[in-house]
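All remarks here apply to the structure that follows.
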Amino acid sequence: MSFWLSALLLAVGAEKDVRDLSLEDLLETPIAVASKAQARTSRDTPGIVTTMSREEILASGARDLLEVLQLIPGFSFHTDVEGVVGAGFRGMWGHEGKVLLIVDGMEMNELLYSTLQLGHHYPVQLIERVEVIRGPGSAVYGGNAELAVINVITRGAKELMGVEAGARYAHSHAGFYDWSGGVSAGWAFQSGFEVAVNLGLGQGRRGHGTYTDFAGGTYTMGGASFIDPTLLDASVKWKGLQLKVLFDDYRVGSQDGYGLVSAAPANLRFRTWAADLRYRLDRWERVTPTAYLQWRLQQPWNVTDKASELFYSKTATRLKGGVLVEARPLDGLELVGGLEGWGDLAWLDDAELVGTQTDFAGKSSVSYANVAAFAQARWDNPWVNVSLGGRYEWNSQVGSNVAPRVALSKRIERLHVKLLAAGAFRSPGIENINLNAGIRAEQTQVAEAEVGLQLNELFYVSMNAFYMRLSNPIVYGFDQASGDESYINAGPVATAGYELELQLRGKYGFARATYSLV
């Protein structure tokens, strides 16, 4: 038995209710995830993009971000080491550094291994919209956007104009399963000042049965499989100045170690503190610069019990600054370019090398410097719209990587066609380099094509085909006898397939059906 309880404490709508929008309105909703600057509709943007509105998310019955992504073609989810659930995309395992998650402009992949933890994480009560680039995003976002980019926008001041609260609880014959709740508050004032706060809490259990590993080892899940999230984010905005802060505390209980059952349950913790400060200068008609400063501090895979074979206690931080410039020198021509630089620093919280704890080549800390430049041009003309761009990125240990991208698109009333080719890369994380100083970045080449058609006022259908080839994949290894981890660059792998999507929206309801074949 499970049920959903949602209580609306106060809401004053400032904009048109999404339930009143037609299919045409929704298809024309601006999204910016594929270009990082100018917002375009999913049919016009230079990428294969899917967006899920709050209305669709809540109506689907999804409990968290993972279940939202299950509704989007290409994603699959599996268990990785220590019972943590990660994402695969289009037939490739993307958990470690290949799929980028952004929440309110802040990157959430942890800095040590670049992994992304899902499952009863990021509750839907706080989500306004989810935008996904179904394909490479390295040309815009860099070294963790090799396969896909997930952009989560939480409830904002203009959407709220008051306070909202929601909660859910799930129980079965075996016992308690999970609960989650969220409170959001926000106000936008005529002076241009906006403020919003979102708080999400929860507790969960993966199951109550008996877990069996490949070697026949077992344990009773119950209290050894808890997943307890806490998420707090806040934003303030005044004219062109905006500050966002976030705290994420994701706690996981597991007795599933590195493929084999551990001697005793372990309590893992993934903590992130993040902030994003930016100023957008809207002074000139055809040129708009934005300066930004971002900070992130993370303690991933944190197990503080020294008696545990999974003991691990390290902290990593990143400070990034950059400038983004949007220009429209001619009608129909849009240019976007930027420069950014950042430093990564990691250190031991505890110098005792037990469990899975290692030092940094005999040192207690390590640091790396990074710089990047990116640019994109979009030319709209009567024959075919052309997007051309790329990114150059340099790391003080790994060296240089380049991600080019070209897209051709044409829209004729309700029909659109896209042809895309892109290069992408996955930069090694701090621990990848620590365990193999000679590790190189992964390289990916992708070709995609999409055709979409709004059949009438009720139906929209799209189909896309893709081919992806990954060179130098970073492959993980673990020696169960010695407890040593390792990373190598392996041989190339490739996938190909197609994805279908059908949307229906009318006066009495809506539906979305998807199919993916790899």
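We count residues from 1, following the sequence as given.
- Closest non-hydrogen pair, Ile433 versus Tyr368, comes out as CG2-OH, 3.3 Å.
- A donor-acceptor contact under 3.5 angstrom links the side chains of Glu485 and Tyr113, judged on distance only.
- Phe247 and Trp273 have tilted rings, their planes meeting at an angle from 30° to 60° on a 0 to 90° scale.
- Separating the CD atom in Gln70 from the CG atom in Leu118 is a distance of 10.0 Å, to the nearest 0.5 Å.
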Begin from the C-alpha positions of Arg251 and Phe226 and carry the test side chain to side chain contact (heavy atoms under 4.5 Å, CB included) through to its verdict.
CA-CA 8 Å; Arg251 299 170 298 280; Phe226 67 84; 4.0 Å; yes
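- Using a 30° and 60° split on the angle between ring planes, Trp301 and Phe270 fall in the perpendicular class, above 60°.
- Taking CD from Glu96 and CD1 from Ile474, the interatomic distance works out to 8.0 Å, rounded to the nearest 0.5 Å.
- With no hydrogens or angles considered, a side-chain donor-acceptor pair links Thr272 and Gln298 at under 3.5 Å.
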side-chain hydrogen bond (donor to acceptor under 3.5 Å, both in side chains) evaluation trace for Tyr292 with Glu340:
CA-CA 9 Å; Tyr292 55 89; Glu340 55 186 17; 2.5 Å; yes
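- When atom types are taken as modelled, the side chain of Asn151 and the backbone of Glu131 share no donor-acceptor pair closer than 3.5 angstrom.
- When the options Leu420, Val446, Val140, Leu388 are evaluated for a side-chain contact (heavy atoms from CB on, under 4.5 Å) with Arg405, the one that passes is Val140.
- Side-chain polar atoms of Ser180 and Gln125 form a donor-acceptor pair below 3.5 angstrom.
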Hey, mind stepping through Asp249 and Arg269 against salt bridge (charged side-chain N to carboxylate O under 4.0 Å, His left out) and telling me if it holds?
CA-CA 7 Å; Asp249 188 3; Arg269 204 166 187 177; 2.7 Å; yes
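- In summary, the aromatic rings of Tyr498 and Phe466 are positioned with their centroids too far apart to meet the 6.0 Å limit.
- Taking OG1 of Thr115 as the start and CG of Leu101 as the end, the distance is 11.5 Å to the nearest 0.5 Å.
- Under 4.0 Å is where a charged nitrogen must lie from a carboxylate oxygen, and between Lys418 and Glu448 no such pair does.
- Closest heavy-atom contact between Asp276 and Gly105: OD2-O, 3.9 Å.
- With contacts defined as side-chain heavy-atom distances shorter than 4.5 Å, the pair Pro229/Tyr122 does not qualify.
- Rounded to the nearest 0.5 Å, atoms OG (Ser114) and CZ (Arg426) are 5.0 Å apart.
- A side-chain N or O of Arg134 and one of Asn464 form a donor-acceptor pair less than 3.5 Å apart.
- Between His120 and Tyr250, the gap from one ring centroid to the other reaches at least 6.0 Å.
- A salt bridge does not link Glu159 to Arg129: none of the charged nitrogens lies less than 4.0 Å from a carboxylate oxygen.
- Here Tyr476 contributes atom OH and Ile488 contributes atom CD1; the two are 13.0 Å apart, rounded to the nearest 0.5 Å.
- The two residues Ala441 and Pro428 have their closest heavy-atom pair at CA-CD, 3.9 Å.
- Side-chain atoms of Glu499 and Tyr515 include no donor-acceptor pair closer than 3.5 Å.
- More than 12 heavy atoms of other shown residues, nucleotides or ligands fall within 6.0 angstrom of atom CH2 in Trp394.
- With contacts defined as side-chain heavy-atom distances shorter than 4.5 Å, the pair Val152/Met108 does not qualify.
- Partner of Glu146 under the side-chain contact (heavy atoms from CB on, under 4.5 Å) criterion, chosen from Val99, Leu100, Thr444: Thr444.
- Defined by atom type and a distance below 3.5 Å, a donor-acceptor pair is present between the side-chain atoms of Gln443 and Asn401.
- The only member of Lys314, Glu110, Arg271 that meets side-chain hydrogen bond (donor to acceptor under 3.5 Å, both in side chains) when paired with Gln299 is Arg271.
- In terms of heavy atoms, Val124 sits closest to Ala62 at CG2-O, 3.4 Å.
- Put simply, the side chain of Gln255 gets close to the backbone of Ser262: a donor and an acceptor are under 3.5 Å apart.
- In this structure, CG on Leu111 lies 5.0 Å from CZ on Arg318, to the nearest 0.5 angstrom.
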